[in-house]
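All residue numbers in this chain count up from 1 along the given sequence.
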Amino acid sequence: MDRYLVFGHPVRHSKSPFIHTLFARQTQQELEYGLAEPAVDEFAQALRTFFAQGGKGCNVTVPFKEQAFTLVDRLSPRAKRAGAVNTIKLTDDGVLLGDNTDGAGLVADLKSHGVTLADSRILLLGAGGAARGALAPLLAELPSELVISNRTHTKAQQLAAEFHALGPVTAQTYEQLAGPFDLVINSTSASLQGELPPLAPALIHTDIAIYDMMYSASDTAFISWAKQHGARQTMDGLGMLVEQAAEAFTVWRGIRPGTKQVLRELKRNLGVI
């Protein structure tokens, strides 16, 4: 039976085995999917061993995405742009192909919520790996402007300069931001600590769409704050998790699983519904 894993540290909380098991059942694919939690300095060896022992593919999560980028034999265009790898496939000719499905998962989830990206003004909070992976797929949807804002402004400036050829992307400090924005995406990890990016409440209005890449059984700190200031459409990253997994499954198996029922099952599993 074909074997797949998710590598991370920590990773025991991961819902990837749950999601991919449902995908396999839905598409009638014979595979098994497990967890691997090597020490931070043992990831490279663990990855090589997994594939040497017959592994077919894997997902890669924190803190190994940038390291995986350097370990694969070949990179997809979107992995090159993202500077990180979250999906690895062993091809038929024995090549380790590194891909990044995070941005595609984000865009797919936004569209599933009816969010219009074309001609919209988007604010992206954060300038780390999550923001980098999202930029090219978001710009491919032809927004009127995409503004990056980050606590360390030079990072936002570097990212905007790097992706400027793909579309209208600029960098602004939090103090410079002026509305209205149609969509705000929080790619920072602040919600994991219950913290907030220093965003002015005046930027929130009733017609804005708010997206937090983090997720939890209850509202994240950012979503709760946005609701308090009048945002009516708020979304967390649970749908992105399922959509990026579906993209990875497609890379591995060549068949696209449906996501709606799997997302419902995941919410039930987490006690969200």
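No donor-acceptor pair closer than 3.5 Å links the side chain of His113 to the backbone N or O of Val115. Judged purely by atom type and a 3.5 angstrom limit, Asp119 has no side-chain atom pairing as donor or acceptor with the backbone of Ser144. In this structure, Gln244 contributes its side chain and Gly103 its backbone to no donor-acceptor pair below 3.5 Å. Here the side chain of Thr21 pairs a donor or acceptor atom with the backbone of Pro17 at under 3.5 angstrom. Between the side chain of Asn100 and the backbone N or O of Ala84 there is at least one donor-acceptor pair closer than 3.5 Å. Under the 3.5 Å distance criterion, the side-chain polar atoms of Thr116 are left unmatched by any main-chain donor or acceptor of Ala118. Between the side chain of Thr91 and the backbone N or O of Val95, at least one donor-acceptor pair lies under 3.5 Å. A side-chain donor-acceptor contact under 3.5 Å links Thr173 to the backbone of Gln176. Of the possible polar contacts, one joining the Trp252 side chain to the Ile88 backbone as a donor-acceptor pair under 3.5 Å is found.
Asp236 pairs by the salt bridge (Lys or Arg N to Asp or Glu O under 4.0 Å) definition with nothing, not counting sequence neighbours. Contacts of Gln157 classified as side-chain hydrogen bond (donor to acceptor under 3.5 Å, both in side chains), with partners at least two apart in sequence or in another chain: His153. Partners of His229 under the ring-ring contact (aromatic ring centres under 6.0 Å, His included) rule, at least two apart in sequence or in another chain, are Trp225. Scanning for ring-ring contact (aromatic ring centres under 6.0 Å, His included) contacts around Phe64 gives Phe43, with sequence neighbours left out. Partners of Ser16 under the side-chain hydrogen bond (donor to acceptor under 3.5 Å, both in side chains) rule, at least two apart in sequence or in another chain, are Ser14. Listed by chain and number, the residues in a salt bridge (Lys or Arg N to Asp or Glu O under 4.0 Å) with Asp93 amount to none (sequence neighbours excluded). Checked against side-chain hydrogen bond (donor to acceptor under 3.5 Å, both in side chains), Lys80 has no partners two or more places apart in sequence or in another chain. Residues passing the salt bridge (Lys or Arg N to Asp or Glu O under 4.0 Å) test with Glu243, sequence neighbours excluded: Arg256. Residues passing the salt bridge (Lys or Arg N to Asp or Glu O under 4.0 Å) test with Arg81: none are found, sequence neighbours excluded. Taking the side-chain hydrogen bond (donor to acceptor under 3.5 Å, both in side chains) definition, one finds that Tyr33 meets it with Asn59, sequence neighbours left out.
Donor-acceptor pairing under 3.5 Å is lacking for the side chains of Thr87 and Asp99. With no hydrogens or angles considered, no side-chain donor-acceptor pair links Tyr174 and Asn150 at under 3.5 Å. Neither side chain, Gln158 nor Glu162, offers a donor N or O lying under 3.5 Å from an acceptor on the other.
Atom NE2 of His205 and atom CD1 of Ile208 lie 4.0 Å apart (nearest 0.5 Å).
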Residues 44-57 side chain polar contacts: donor-acceptor under 3.5 Å, at least two apart:
{"unit_1": "Gln45", "atom_1": "NE2", "unit_2": "Thr49", "atom_2": "OG1", "d": "3.1"}
{"unit_1": "Thr49", "atom_1": "OG1", "unit_2": "Gln45", "atom_2": "O", "d": "2.9"}

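By the 4.5 Å side-chain criterion applied to Ile, Leu, Val, Met, Phe, Trp and Tyr, Met1 is assigned to no cluster and stands alone.
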Salt bridge (charged side-chain N to carboxylate O under 4.0 Å, His left out) between Asp219 and Lys227, intermediate numbers included: CA-CA 10 Å; Asp219 285 345; Lys227 284 182 175 179; 2.9 Å; yes

Residues Asp182, Ser120; criterion side-chain hydrogen bond (donor to acceptor under 3.5 Å, both in side chains); working and verdict: CA-CA 6 Å; Asp182 301 298; Ser120 64; 4.9 Å; no

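Glu30 has no carboxylate O lying under 4.0 Å from a charged side-chain N of Arg253, or vice versa, which leaves the two without a salt bridge.
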